[in-house]
Amino acid sequence: MLQIETQRLLLRSFDEADAEAASHLSKQPIVAHFMSDMVLVSKEAAEKWIRWLKTKCNNEEPCQLLAIELKENNRLIGYVGAAPKQELNGEIEVLFAVSDEQQNRGYATEAAKAMIGWAMEEAGQTALSAIVKPENKSSRRVIEKLGFTYCDTRVLPYDGEDCVFDYFRLYHAEPKLKG
């Protein structure tokens, strides 16, 4: 069970007790618009998704999708992950979503920065990818703040149709040798 702590957040594995909050988060207008393939229409659908996550993700592989919880009140406000993206030839994608009412407070950047640290330092990744719909200006700003570099535009299958995404990469900085 992976757990990462930041200044304001606790990133942790999802538990079935999170099902109702996860379903609510996924159905909020902004989140649902940009992450339509992850809408959990009911508490039962969210429970099934959480059980699936437990079989898919573990501490040893570069595959994690963690709940973002506010430390101050233990409230689930989003999710963050690093996982292989089949549509990107198995590249490890960094992904995140924060509830509509908690956006523009730096939580996505804080959570994704911690996830990148885990992926590169603990899971040994040397490069990470991120994709974002061109009209999703907020997520694009987060990706750029995290140091990702825009590479090109990709048309990828998404939620049953082809969709245009801006494609970004981030490479692990090699330590500089002294002397």
Side-chain angles (χ1 to χ4, degrees), residues 1-26 28 31-32 34-40 45-71 74-99 102-103 106-132 136 138-140 142-148 156 158-159 165 167-173:
M1 184 168 165
L2 182 62
Q3 188 168 297
I4 303 170
E5 206 167 319
T6 70
Q7 182 180 350
R8 301 178 295 167
L9 307 172
L10 177 63
L11 312 179
R12 58 166 178 79
S13 299
F14 276 93
D15 186 88
E16 285 190 43
D18 296 318
E20 194 165 322
S23 176
H24 173 73
L25 165 74
S26 75
Q28 293 178 347
V31 174
F34 289 117
M35 303 291 279
S36 59
D37 64 334
M38 293 186 69
V39 173
L40 304 166
E47 288 170 345
K48 183 178 177 182
W49 175 74
I50 291 167
R51 285 192 299 273
W52 174 82
L53 276 180
K54 289 180 184 291
T55 66
K56 181 82 173 150
C57 298
N58 62 59
N59 290 347
E60 289 76 45
E61 295 182 25
C63 178
Q64 288 294 330
L65 188 61
L66 302 177
I68 301 172
E69 182 179 292
L70 282 176
K71 282 184 186 178
N74 299 347
R75 186 166 166 223
L76 179 77
I77 63 161
Y79 56 82
V80 63
K85 180 81 169 167
Q86 179 184 353
E87 296 84 356
L88 296 175
N89 298 317
E91 292 176 18
I92 304 300
E93 175 196 21
V94 172
L95 61 139
F96 52 85
V98 172
S99 67
Q102 297 294 334
Q103 291 184 8
Y107 295 134
T109 303
E110 187 174 331
K113 183 177 179 181
M115 181 55 62
I116 290 166
W118 172 84
M120 292 193 166
E121 302 305 324
E122 302 299 323
Q125 298 304 298
T126 57
L128 299 170
S129 300
I131 58 172
V132 62
N136 189 344
S138 295
S139 288
R140 184 184 183 106
V142 170
I143 290 166
E144 290 171 343
K145 276 195 256 180
L146 293 166
F148 282 82
L156 303 171
Y158 181 79
D159 205 16
F165 289 93
Y167 169 75
F168 296 80
R169 293 283 281 166
L170 177 69
Y171 294 93
H172 191 284

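Each residue takes its place number in the sequence, starting with 1.
A search for ring-ring contact (aromatic ring centres under 6.0 Å, His included) contacts involving Tyr107 returns nothing, not counting sequence neighbours. The side-chain hydrogen bond (donor to acceptor under 3.5 Å, both in side chains) search around Gln86 returns none, not counting sequence neighbours. With sequence neighbours left out, Gln103 forms a side chain to side chain contact (heavy atoms under 4.5 Å, CB included) with Ile30, Val31, Val98, Asp100. Annotation: side-chain hydrogen bond (donor to acceptor under 3.5 Å, both in side chains) contacts of Lys145 (sequence neighbours excluded): none. Residues that satisfy the ring-ring contact (aromatic ring centres under 6.0 Å, His included) test with Tyr167, not counting sequence neighbours, are absent from this structure. With sequence neighbours excluded, no residue satisfies side-chain hydrogen bond (donor to acceptor under 3.5 Å, both in side chains) with Thr109. Evaluation of the salt bridge (charged side-chain N to carboxylate O under 4.0 Å, His left out) rule for Glu47 yields no partner, not counting sequence neighbours. For Glu87, there are no side-chain hydrogen bond (donor to acceptor under 3.5 Å, both in side chains) partners, not counting sequence neighbours. In this structure Glu20 satisfies the salt bridge (charged side-chain N to carboxylate O under 4.0 Å, His left out) test with no other residue, sequence neighbours excluded. In this structure Ala45 satisfies the side chain to side chain contact (heavy atoms under 4.5 Å, CB included) test together with Val41, Ser42, sequence neighbours excluded. Scored by the side chain to side chain contact (heavy atoms under 4.5 Å, CB included) test, Leu40 finds Ala22, Ser23, Ser26, Ala46, Trp49 as partners (sequence neighbours excluded). A search for side chain to side chain contact (heavy atoms under 4.5 Å, CB included) contacts involving Ala112 returns Val80, Val94, Phe96, Leu146, not counting sequence neighbours.
Side-chain contact check for Gln102 versus Ile68: every heavy-atom pair is 4.5 Å or farther apart. Side chains of Lys71 and Gln7 form no contact here, defined as non-hydrogen atoms less than 4.5 Å apart. In this structure, Gln125 and His172 have side chains that are not in contact, with every pair of non-hydrogen atoms separated by 4.5 Å or more. By the 4.5 Å heavy-atom criterion applied to side chains, Arg12 and Asp18 are counted as neighbours.
A distance of 9.0 Å separates CG in Leu25 from CD1 in Ile77, rounded to the nearest 0.5 Å. Here the CG-SG distance, from Leu2 to Cys63, works out to 11.0 Å after rounding to the nearest 0.5 Å. With rounding to the nearest 0.5 Å, the separation of CD in Glu122 from CD1 in Ile4 is 8.5 Å. Here the CD-CD distance, from Gln3 to Glu69, works out to 8.5 Å after rounding to the nearest 0.5 Å. A distance of 8.0 Å separates CD in Glu110 from CG in Leu11, rounded to the nearest 0.5 Å.
With Tyr79 as reference, Leu65 is the one residue of Leu65, Leu66, Leu53 to meet the side chain to side chain contact (heavy atoms under 4.5 Å, CB included) rule. No option in Glu93, Lys85, Arg169 other than Arg169 meets the side-chain hydrogen bond (donor to acceptor under 3.5 Å, both in side chains) test with Ser129. Between Met120 and the choices Thr126, Leu170, Ile92, the side chain to side chain contact (heavy atoms under 4.5 Å, CB included) rule is met once, by Leu170. Exactly one of Val132, Ile131, Leu128 qualifies for a side chain to side chain contact (heavy atoms under 4.5 Å, CB included) with Phe168. That residue is Val132.
Lys54 places no side-chain N or O within donor-acceptor distance of the main-chain N or O of Asp15, the cut-off being under 3.5 Å.
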